[in-house]
Number of protein chains: 2
Amino acid sequence: MANEELYLKLLAQRDIKPTAIRLLVLKELLRADRAYSLLDLENRLVTVDKSTIFRTITLFLGHHLIHAIDDGSGSLKYAVCGSDCNCEVDDLHTHFYCESCHRTFCFKQIHIPSVSLPDGFSTHSINYVIKGLCSDCAGKKR
Amino acid sequence: MANEELYLKLLAQRDIKPTAIRLLVLKELLRADRAYSLLDLENRLVTVDKSTIFRTITLFLGHHLIHAIDDGSGSLKYAVCGSDCNCEVDDLHTHFYCESCHRTFCFKQIHIPSVSLPDGFSTHSINYVIKGLCSDCAGKKR
DNA sequence: TTCTGTTTGCAATCGGGTTGCATGTTCTTT
DNA sequence: AAAGAACATGCAACCCGATTGCAAACAGAA
């Protein structure tokens, strides 16, 4: 299957040794149309222990294969980075948290607008999360 | 003391019955030059139980006396709102989290820049947190 | 004062995240 | 192929910030 090769390639690009579980986790993250929490992954990968998922996510984060989003829901969410991403300021995009369905979306096409800081402060990264209703939920309410 | 009257006035403006502990908490938040976590408050108000601090903060939040900032540190931080603030989009300002000293600052003068959302999405609030080094810590490193 | 509702402290609980350790698997060397 | 080292995984326990149940303390109304 061609997809398998894609997963292997993504792992190789980030210097991550491919294991069955890492492929499973990556596959699940790529299949999602949104960012998953650890619990989301646990619920979808019932055969895999949560500590293993945690360590896999930690590994992926360290190798910049995925990025973490703190959407304020109390649990971090994770999504696969673009292939050219190094998780630096220029790579940052905005995120959207739906307060109705509690899903978190990456707006990869919407770059985070920058502000000028007071003297002496320096930026390492920026977290920009918009909270509101997603298109599905806003539609349902009408 | 004139300050006492200020605290009472702030509570009254938000329809919060003043108690000794509420005054203590408000005083501590106003004295700070930054946003405090629950733990920060517990450490400064050692005579007050942490559940009481929590319930006080919850009350203050519900009455828009303070706002919460999720700086990604794992614990929320709290700061007193401006007197004209309703915690709506127009009232939002940016925040700064120092990755060295772990303090969180309100940049009340820096408004959050907005972005245009995809069709169907609607904004309720925005969390904009810049992470990096504050002026104190950036200075020390040199 | 007495009654009622609110506020507070203490202890217990919850839940996401994290770690220690033993087992299982893979890789390397011979 | 066998032996040993290194890595990956599962299980159980733990950590810590947040939250809740409950009873005692307190404040205000009758």
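For B/F121 and A/F107, the ring centers sit closer than 6.0 Å to each other.
Qualifying side chain to side chain donor-acceptor pair (under 3.5 Å) partners for A/Y78, counting only residues two or more places apart in sequence or in other chains: none.
Among the atoms of the strands shown, base atoms are found under 4.0 Å from some heavy atom of B/T52. Across all strands, A/S51 comes closer than 4.0 Å to base atoms (heavy-atom distances).
Atom NZ of A/K50 is separated from atom P of D/dC14 by 14 Å (rounded to the nearest Å). Put simply, CD1 on A/I53 is 14 Å from C1' on D/dA8, counting in whole angstrom units. To the nearest angstrom, P of D/dA27 lies 13 Å from CG of B/L23.
In terms of position on DNA chain D, the residue among A/R55 and B/S75 whose nearest nucleotide sits closer to the 5' end is A/R55. The 5' end of DNA chain D is approached more closely, in terms of each residue's nearest nucleotide, by B/G74 than by the other of B/K17 and B/G74.
A continuous path of Ile, Leu, Val, Met, Phe, Trp and Tyr side chains, each step under 4.5 Å between heavy atoms, connects A/L92 with A/F96, placing both in one hydrophobic cluster.
In this structure, A/D119 places its CG atom where only 12 or fewer heavy-atom neighbours from other residues, nucleotides or ligands lie under 6.0 Å away. The local environment of NZ in B/K108 is crowded, with over 12 non-hydrogen atoms from other residues, nucleotides or ligands closer than 6.0 Å.
Tested against B/L26 for a side-chain contact (heavy atoms from CB on, under 4.5 Å), the candidates B/V80, B/T56, B/L8, B/L6 yield a single pass: B/V80. Partner A/L29 forms a side-chain contact (heavy atoms from CB on, under 4.5 Å) with one of A/I57, A/L24, A/L65 and no other, that one being A/I57.
For the contact set between residues 36-49 of chain A and DNA chain D, defined by any heavy atom under 4.0 Å, the members are A/T47, A/V48, A/D49.
Once you apply a 4.0 Å limit to the heavy atoms of chain B, the touched nucleotides of DNA chain C run 5' to 3' over C/dT6 to C/dC10.
A side-chain donor-acceptor contact under 3.5 Å links A/D40 and A/S37.
When the side-chain nitrogen and oxygen atoms of A/T19 are compared with OP1 and OP2 of D/dT9, one or more of them lie within a distance under 4.0 Å.
Electrostatic pairing of B/D136 and B/R103 counts as a salt bridge here, judged by a charged N lying under 4.0 Å from a carboxylate O.
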